[in-house]
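Below is one structure; the comments refer to it alone.
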Amino acid sequence: MGYVAVKGGEEAIAQAGKLLTYQRLKGASDPLEVRQIQEQLYLAVDRVMSEGSLYAPDLAALAFKQAAGDTLEAAFMLRAYRATQPRVGYSLPHKGEEIRIIRRISAAFKDIPGGQVLGPTSDYTLRLLDFELLEDTPRQRQAFLQALGRDLAGTRPLPLTFPKVIDILRKEGLLAEALGNEEGREKIFDITRQSLTFPASRSAALQTMARSETGGLLLLAYTNMRGYGDIHPTVGELRVGYLPVRIEHPQTGAPYTIGEVKVTEAEVIARFTAAEGSPKFTLGYGLCFGHNEIKAIAMAVLDRAMQAPEPRMPSEDQEFVLSHLDGIESLGFGSHWKLPHYVTFQSDLDRLRRAQEAGKKTKPGSGKDNAT
Amino acid sequence: MSDHQSVIMAMERESLAALSELLPNEEIRMIRPPQTGLLMMVAKDPFATDFCLGEILVTEAETEYRGHRGYAMVMGDEPEKATLTAAVAAIFQGNNDVLKTRIGQFLAPLASSLSQKAEWERRLLSKTQVNFETMVKG
């Protein structure tokens, strides 16, 4: 069904916008500061940046406030903002090894070089409501921080970086290295500059997933995990931390670090394959802005799933997966059904009525004559 | 990131104003006023495939001090921080040692405070290092 534009309603539309703001203001609580959102609702901010594909924590927090907590809408706002900004260039390429670690675990190996670092995680919490947060006072915060800092004497600071866990497999020649990158390793595809076409290059696929919506990514990966696919992933390594951002200095040409971005990186090891030569493990890779472990893991699972030589399941079909992951695109398409479709729907309605009338006339035993 | 830049980026408004007062602003010429833009972050996967991770909002600025140019790119919409970083970069390429010492002395306590906090957090992280023991049946 097509969409036909309508006009009018300006006053009601303006008032509807004001009512949206009123919903946020009508309570008696103090206004939320953007900095509070940035610092205290940091996972939401991370998600908005990752799905909006723009690293700007303060603007993501502002968008989250404006969208009243709707991460899809907030990511949409960030994308709209980015469209107003010029591109200044590309950073130098950065590897996961460079991440300044705050969390790093492996589900494949108990003992990993450098050790496992749980870092800040909810993995081992019981998800019971913490009613003490109802009274989140500065005094309580201070007491918590003091207790947290106790007994640190004699504790050595965590090293900044760690070796990669998959190097264990690499050293033994247990990891398949080729990933079927048709366009070669040097050619980088940028989906913000070129339309995505299929089969997509590896760089295009990774970029598409890195900016995809967490729920969509997880859904497709979950279909594979549950049996509509046969990846059977093991998390070789999951890293959360800060990746330095370097550019080539325009005056000296030397690498110049402008800052660091928080990222999550996942490497999943999948069941061995024995298609050619000796059997080896294969790897799926996920990397995204912010602290978003389930997104990085789902991305890695789908990266591996799409390496299937003959796709049999939706999660293995590159075109199916990459075409449906973008939150802003799917939000836009889903939302457009709310727009007036009056003319085309009336047309359908007329056709349906005529078809029913015609059916009544031709169907034996139907119609007024037979009813009497 | 230079030590100067990391300290300037962590500064609050009052410290930025104090640093600005230290600088010979009449001698600093703005070559490129602060301008926001998007830097595409490129990552490398474990198989050496480069890909675009996403864009970063940055601010660029370029200044000149006594014939020396200073360039800065900082993260975020931060015109003041970009300008100050570029100005400090230009000054530190020159030979005004008195001014360099004065700026260095101003930034040193802030750098030390940042470094102490970073080390404290690394000690906290260290206490989450774990050695799981495998449970044996029977």
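First the proteins, then the strands, lettered A, B, ... as listed; each starts at 1.
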From the list A:Thr121, A:Val263, A:Leu59, A:Asp151, the residue making the most non-hydrogen contacts under 4.5 Å with chain B is A:Asp151
Answer yes or no: is there a side-chain heavy-atom contact under 4.5 Å between A:Leu287 and A:Leu206?
no
Does the salt bridge (Lys or Arg N to Asp or Glu O under 4.0 Å) test come out yes or no for A:Arg79 and A:Asp326, once each step is laid out?
CA-CA 12 Å; A:Arg79 287 265 183 103; A:Asp326 192 81; 2.9 Å; yes
Answer with side chain, backbone, both or neither: which region of A:Pro57 has an atom nearer than 4.5 Å to a non-hydrogen atom of chain B?
neither
Side chain, backbone, both or neither of A:Ile112 within contact of chain B (heavy atoms, under 4.5 Å)
neither
Against chain B, label A:Tyr285 side chain, backbone, both or neither, depending on which of its atoms sit under 4.5 Å from a heavy atom there.
side chain
In Å and rounded to the nearest 0.5 Å, what is the CE to CZ distance from B:Met41 to A:Phe289?
6.5 Å
Answer key: most heavy-atom pairs under 4.5 Å with chain A among B:Lys127, B:Lys44, B:Arg123 is B:Arg123
Please rank B:Pro46, B:Ala43, B:Gly76 by heavy-atom pairs under 4.5 Å with chain A and give me the top one.
B:Pro46
If we define contacts as heavy-atom pairs under 4.5 Å, which of A:Ile247, A:Leu152, A:Val117 has the most with chain B?
A:Leu152
From A:Thr264 atom OG1 to A:Ile102 atom CD1, the distance as rounded to the nearest 0.5 Å:
8.0 Å
Which one of B:Gly54, B:Gly37, B:Ala72, B:Cys52 has the most heavy-atom pairs closer than 4.5 Å to chain A?
B:Cys52
Between B:Glu55 and A:Arg87, is there a side-chain N and carboxylate O pair less than 4.0 Å apart?
yes
Taking side chain as everything from C-beta outward and backbone as N, CA, C, O, which of these in B:Ala118 sits under 4.5 Å from a heavy atom of chain A? Side chain, backbone, both or neither.
neither
Quick check on A:Arg170 against chain B: is it the side chain, the backbone, both or neither that has a heavy atom closer than 4.5 Å?
side chain
Picking from B:Thr36, B:Ile56, B:Asn131, which has the most non-hydrogen pairs under 4.5 angstrom with chain A?
B:Ile56
Using a 4.5 Å cut-off on heavy atoms from C-beta on, say whether the side chain of A:Thr161 contacts that of A:Glu97.
no
Flag yes if more than 12 heavy atoms outside B:Lys117 fall under 6.0 Å of its NZ atom; otherwise flag no.
no
A:Glu267 versus chain B, the contacting section by heavy-atom distance below 4.5 Å
side chain
Against chain B, work out which of A:Thr84, A:Thr192, A:Leu160, A:Thr252 has the most heavy-atom pairs shorter than 4.5 Å and name it.
A:Leu160
Heavy-atom contact with chain B under 4.5 Å, split by part of A:Ser50:
neither
So for A:Arg150, is it side chain, backbone, both, or neither that comes closer than 4.5 Å to the heavy atoms of chain B?
backbone
Closest-packed option against chain B by number of heavy-atom pairs under 4.5 Å, given A:Asp190, A:Ile191, A:Val261, A:Leu158:
A:Leu158
Just wondering, are more than 12 heavy atoms of other shown residues or ligands nearer than 6.0 Å to CG in A:Asp123?
yes
Contacting moiety of B:Glu121, where chain A heavy atoms sit under 4.5 Å:
neither
Please rank A:Pro244, A:Ser53, A:Gly52 by heavy-atom pairs under 4.5 Å with chain B and give me the top one.
A:Ser53
Take A:Glu213 and A:Arg47 through the salt bridge (Lys or Arg N to Asp or Glu O under 4.0 Å) test and state the conclusion after the steps.
CA-CA 9 Å; A:Glu213 199 266 326; A:Arg47 184 164 169 167; 3.1 Å; yes
Heavy-atom contact with chain B under 4.5 Å, split by part of A:Ile101
backbone
One option among B:Asp77, B:Leu124, B:Val74 has the most heavy-atom pairs under 4.5 Å with chain A, and it is B:Leu124
Strictly by modelled atom types, are B:Glu62 and A:Gln251 linked by a side-chain donor-acceptor pair under 3.5 Å?
yes
Whatever's closer than 4.5 Å to a heavy atom in chain B on A:Pro255 counts as neither
To the nearest 0.5 Å, tell me how far A:Tyr55 OH sits from B:Met75 CE.
5.5 Å
Tell me, side chain or backbone of A:Leu92 under 4.5 Å from chain B's heavy atoms, or both, or neither?
backbone
Interatomic distance, CD1@A:Ile188 vs OG1@B:Thr49, rounded to 0.5 Å, equals 9.5 Å
Passing option when B:Asp45 is tested against A:Arg202, A:Lys164, A:Lys95 for salt bridge (Lys or Arg N to Asp or Glu O under 4.0 Å)
A:Arg202
Among A:Thr208, A:Leu243, A:Val245, which residue has the highest count of heavy-atom pairs closer than 4.5 Å to chain B?
A:Val245
Region of A:Arg82 in contact with chain B, defined by heavy-atom distances below 4.5 Å
both
Could you tell me how the ring of B:Tyr71 sits relative to the ring of A:Tyr256: parallel (under 30°), tilted (30 to 60°) or perpendicular (over 60°)?
perpendicular
